[in-house]
Protein chains: 2
Amino acid sequence: MGSSAGGTNGTGDTEGGQDVRERHVTGSLAHRVPDLGALELLLAVARLGSLGGAARELGITQPAASSRVRSMERQLGVALVDRSPRGSRLTDAGALVTDWARRIVEAAEAFDAGAQALRDRRDSRLRVAASMTIAEYLLPGWLVALRSQLPDTAVSLLAGNSTAVAERLLAGEADLGFVEGVSVPTGLDSAVIAHDRLIVVAAPGHPWTRRRRPIEAAELAATPLILREKGSGTRQVLDAALGGLARPLIELSSTTAVKAAAVSGAGPSVLSELAVGEELSTRRLVSVPVADVALARDLRAVWPTGHRPTGPARRLLSLTRA
Amino acid sequence: MGSSAGGTNGTGDTEGGQDVRERHVTGSLAHRVPDLGALELLLAVARLGSLGGAARELGITQPAASSRVRSMERQLGVALVDRSPRGSRLTDAGALVTDWARRIVEAAEAFDAGAQALRDRRDSRLRVAASMTIAEYLLPGWLVALRSQLPDTAVSLLAGNSTAVAERLLAGEADLGFVEGVSVPTGLDSAVIAHDRLIVVAAPGHPWTRRRRPIEAAELAATPLILREKGSGTRQVLDAALGGLARPLIELSSTTAVKAAAVSGAGPSVLSELAVGEELSTRRLVSVPVADVALARDLRAVWPTGHRPTGPARRLLSLTRA
DNA sequence: TGCTGCCCATAACCCCAGCTTATGCCCTCA
DNA sequence: TGAGGGCATAAGCTGGGGTTATGGGCAGCA
């Protein structure tokens with residue numbers, strides 16, 4: 001590395017003497033991270049090896065691309081591309097930054113696919129109904145993949161609980177559904193597409209995170225927990241596993257609120273492993289081993305009995321089987 | 001939900017009769033996805049239950065927040081918050097969108113943590129040297145976590161291959177290193193922090209993706225593959241596993257380039273599972289089972305023999321042991 | 001019942017980031 | 001040696017996002 005970071009190539013440094021470098025300013029991410037357009041531009045430069053080429057691909061002019069990359073470099077304080085009269089290549093640091101940028105762009109693509117499905121309610125070629133956990137954590141990725149296979153298929157998404165999903169399907173208002181939980185609503189055929197486990201989590205420092213031995217079912221049932229409201233898929237599985245005994249410390253109506261409460265140390269909680277992956281890997285939450293309790297559940301694709309999915313629905317279904 | 005989507009409420013529609021609704025316009029993500037500032041604002045609204053409160057937290061005025069949320073709703077075509085004279089709550093669709101937004105913001109936080117480490121080269125309290133794969137895929141997450149524990153510790157990052165990492169550590173220019181690969185450079189102590197496997201991947205449709213039986217080592221060695229250049233950690237492991245026989249179809253100098261080539265169907269490749277997680281789950285690449293080949297490798301933290309990490313280095317080390 | 005406080009919306013104005021067009025220099029290659 | 005691709009700089013325009021100022025609903029309380 002180090003090849004270019006310091007500005008050893010005196011191409012253009014117009015900013016001259018100003019090294020005021022505001023440190024430690026908590027300028028709210030948006031001020032420290034380039035916007036999506038700039039990140040897309042960077043990815044295009046990486047792929048095409050030229051600023052002008054990237055500009056053409058994005059439908060802007062070459063000077064616009066040039067200045068935008070430059071201001072991104074100023075913002076980050078790192079040289080990203082080596083410009084030469086016959087093209088531009090990423091510096092080592094630039095390659096790294098580009099990889100990190102790609103994550104943001106991919107998350108944005110998932111967001112876009114999801115948002116688009118949420119908007120196009122009727123008149124879509126593929127109408128999907130999904131339970132919350134699946135709609136939150138899995139569907140956007142599937143939709144991105146689906147779009148790459150069927151770019152012209154408009155998808156609509158309705159999110160609700162299992163019974164709502166079943167109603168839509170049976171009323172002919174949805175082509176394919178996804179539910180989590182133990183049982184399949186009557187009138188529907190299903191295929192298991194993935195498995196999910198509920199796990200017990202607590203903020204770092206909680207006594208349970210220091211235990212040697214796993215929690216027993218009885219102890220879990222006896223401890224007040226931060227939980228989703230009754231009726232949620234997560235709560236149903238937990239209640240079933242404990243024999244209807246889960247004691248709520250607080251009941252909240254969204255997974256997000258539950259996570260926030262758990263992270264802030266309000267108490268232990270039980271959540272889908274899909275929901276807490278990020279929190280676990282960054283140590284904002286710690287998983288507590290449990291013994292003796294069946295917290296696994298299947299994630300299923302469902303459709304009206306007899307109406308085996310065809311067309312785009314079939315395509316989507318085939319994407320979901322990892 | 002559907003309360004406002006269709007534009008039935010004529011609040012501000014200055015564009016009047018134009019329902020031209022540009023469909024299918026590939027307006028480059030950035031035009032379809034709200035910018036980071038707007039997403040942060042949405043998260044704040046979700047957390048605080050009020051537009052004004054969110055505005056205060058972000059250091060902007062209430063009208064600014066109000067208008068920004070409104071324009072986000074217009075952009076997405078979906079009502080996100082239910083405004084009432086005593087606060088604002090997310091709609092169902094808003095809750096979903098907020099969850100998707102959170103992914104983007106988290107990716108941005110990782111980007112920011114990484115970029116900041118890349119910028120602060122010297123004069124940092126914790127100097128980390130890491131091999132490319134780790135710097136790309138794992139370090140940013142660790143840095144986010146570290147920052148939540150030690151907000152005032154400036155971290156610097158140098159990315160290079162294993163020998164470069166070792167040099168820095170031995171020269172006293174780095175406090176903690178991370179390497180992938182089979183052997184530990186001499187003069188360094190190490191601890192295994194995770195495991196990684198190289199996997200064989202191909203674009204969907206490639207003959208190998210239809211096979212029933214795993215690929216044999218001999219077949220893998222006989223087939224031209226898309227590979228990183230000689231000397232990269234990935235290549236070393238593969239060569240060792242095959243007995244130095246890997247045949248390159250193309251040699252490329254970055255993981256990203258290799259992935260792009262593989263996705264475009266140029267041929268099969270061998271890559272770290274860390275690198276292709278996203279591609280696998282969205283089916284841009286398919287994993288091909290292999291028999292008979294030892295493609296596992298350890299990811300290790302390393303430090304100069306005897307100089308057991310202390311202070312921030314120790315803290316970071318403890319974060320990395322999942 | 002009216003007062004006070006919190007919440008949100010609208011209006012008018014301002015500023016700068018990012019775009020465009022126009023131009024020039026550098027390098028390579030036929 | 002001229003043509004063409006690639007990059008940089010300069011000058012001017014536009015709009016999104018910010019600000020201040022103001023007004024209207026709904027709760028709670030004297």
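Residue numbers begin at 1 in each chain, while the letters A, B, ... track the order of the sequences. Atoms considered below: every heavy atom in the structure, side chains included; atoms not considered: hydrogens, waters and symmetry mates.
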In this structure, how many angstroms lie between the [atom2] atom of [N] and the [atom1] atom of [X], rounded?
X: Arg86(B); N: dC7(C); atom1: CZ; atom2: P; answer: 12 Å
X: Leu80(B); N: dC8(C); atom1: CG; atom2: P; answer: 15 Å
X: Leu51(A); N: dC26(C); atom1: CG; atom2: P; answer: 18 Å
X: Arg89(A); N: dG6(D); atom1: CZ; atom2: P; answer: 15 Å
X: Arg74(A); N: dA8(D); atom1: CZ; atom2: C1'; answer: 14 Å
X: Met72(B); N: dG16(D); atom1: CE; atom2: P; answer: 15 Å
X: Glu40(B); N: dG18(D); atom1: CD; atom2: P; answer: 11 Å
X: Leu58(B); N: dT19(D); atom1: CG; atom2: P; answer: 11 Å

If you check the [X] side chain, which of [options] turns out closest?
X: Ser71(B); options: dC7(D), dA8(D), dG17(D); answer: dG17(D)
X: Ile60(A); options: dG18(D), dC19(C), dT21(C); answer: dC19(C)
X: Gln62(A); options: dA9(C), dC7(D), dG18(D); answer: dC7(D)
X: Ser88(B); options: dT19(D), dC8(C), dG6(D); answer: dC8(C)
X: Asp35(A); options: dA9(C), dG18(C), dA8(D); answer: dG18(C)

Report summary line: Partner of Glu73(B) under side-chain contact (heavy atoms from CB on, under 4.5 Å), picked from Val78(B), Val81(B), Leu42(B), is Val81(B)

Query raised in the report: Are Arg284(B) and Ser148(A) close enough that a side-chain donor and a side-chain acceptor fall under 3.5 Å?
Result: no

Query - Donor-acceptor side-chain pairing of Ser88(A) and Asp82(A) below 3.5 angstrom - result: no

Output yes when at least one side-chain N/O atom of [X] is less than 4.0 Å from OP1 or OP2 of [N], else no.
X: Arg83(A); N: dA8(D); result: yes
X: Thr61(B); N: dT19(D); result: yes
X: Arg68(B); N: dG18(D); result: yes
X: Arg56(B); N: dC7(C); result: yes
X: Ser66(B); N: dC8(C); result: no

**Report entry** Ion pair check, Asp112(A) and Arg147(A), cut-off under 4.0 Å
**Finding:** yes

**Report entry** Side-chain ion pair, Arg235(B) and Glu251(B), N-O less than 4.0 Å
**Finding:** yes

Query raised in the report: Ser84(A) near the nucleic acid: base, sugar-phosphate alone, or nothing, with a heavy-atom cut-off under 4.0 Å?
Result: sugar-phosphate

